[in-house]
Amino acid sequence: ILGVFGLGGLLYTLVARRLIARLGEFGLAALGGTVVSIAFLLLLIGPTWSWAIPASLLAGLGMYMLHNTLQANATQMAPQARGIAVALFATALFLGQSLGVACGAAVIDNAGAEWIFAAAVLGLFTIGMLFARALRRRAKADNPENGA
């Protein structure tokens, strides 16, 4: 089942060029956040383990859509200090993952896994939408006559 997550990532590589051309960065961030949220929603409501298979595929696809957009923008934030920007991005990513596991374990022990999945549904959807909105706002500020 975990390997299906990787298949979702491979699926992204097959459709990335078309998705980026059609949706742009803000559309890719919004859709990525939505897709990975749907994956966690399936894990939350799925009554059997078999629901984890499509959830893992969607999680891989959505995660790569959102993560690649975030990472690409990390490299563009400070072109004169690109290495530092990427290092800070990686630091935030890995600290978030390790702290998330530690906090998540405590939540699961005390309240159950469904709370983690529910938080992931809301949190990842919110991150995708807020990042998409920030990208759209930046595009409008960079090119006000375009109305991107």
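Numbering starts at 1 and runs along the sequence shown. All values below were derived from every heavy atom in this structure, side-chain atoms included, with hydrogens, water molecules and symmetry-related copies excluded.
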Show which residues join [X] in its hydrophobic cluster (side-chain heavy-atom contacts under 4.5 Å, direct or indirect), or state none.
X      : result
Ile108 : Val107, Trp115, Ile116
Phe125 : Met129
Ile1   : Val4, Leu7, Leu10, Trp49, Ile53, Leu57

* Is there any salt bridge (charged side-chain N to carboxylate O under 4.0 Å, His left out) pair reaching into residues 83-96, and which pairs are they, with sequence neighbours excluded? -> none

* Write out all pairs satisfying salt bridge (charged side-chain N to carboxylate O under 4.0 Å, His left out) with one or both partners inside residues 58-74, taking only residues at least two apart or from two chains. => none

Inter-residue atom distance [X].[atom1] - [Y].[atom2], 0.5 Å rounding:
X     : Y      : atom1 : atom2 : result
Tyr64 : Gln71  : OH    : CD    : 10.5 Å
Tyr12 : Met65  : OH    : CE    : 7.0 Å
Ile38 : Leu124 : CD1   : CG    : 12.0 Å

* To do: Tell me, yes or no, whether the heavy-atom count around Leu2 atom CG, taken from other residues, nucleotides or ligands under 6.0 Å, exceeds 12.
  => no

* When you look at Leu31 and Leu23, which way does the side chain to side chain contact (heavy atoms under 4.5 Å, CB included) test go after all the steps? -> CA-CA 9 Å; Leu31 184 59; Leu23 303 173; 3.6 Å; yes

Once side-chain contact (heavy atoms from CB on, under 4.5 Å) is applied, do any residues pair with [X], and if so which ones, sequence neighbours excluded?
X      : result
Ile45  : Leu41, Trp51
Phe131 : Ala29, Thr69, Leu70, Asn73, Leu135
Leu43  : Phe40, Ala52, Ala55, Phe117
Gln97  : Leu93, Phe94

* Is there a donor-acceptor contact under 3.5 Å from the side chain of Asn110 to the main chain of Ala106? ->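 Flag set: sc Asn110 to bb Ala106 pair under 3.5 Å.
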
* Asked: Can you check whether Thr13's main-chain N or O pairs, donor with acceptor, with Arg17's side chain at less than 3.5 Å?
  -> no

* side chain to side chain donor-acceptor pair (under 3.5 Å) contacts in which one or both residues fall within residues 30-48, not counting sequence neighbours -> Thr48-Ser50

Enumerate donor-acceptor pairs with a distance under 3.5 Å from any side-chain N or O in residues 74-89 to protein atoms, sequence neighbours excluded.
{"unit_1": "Thr75", "atom_1": "OG1", "unit_2": "Ala72", "atom_2": "O", "d": "2.6"}
{"unit_1": "Arg82", "atom_1": "NH1", "unit_2": "Thr75", "atom_2": "O", "d": "3.1"}

* **Cluster link Val15 to Leu28, ILVMFWY, side chain under 4.5 Å** =>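 Yes, one cluster joins them.
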
* **For Arg138, all residues meeting salt bridge (charged side-chain N to carboxylate O under 4.0 Å, His left out), sequence neighbours excluded** => Glu25

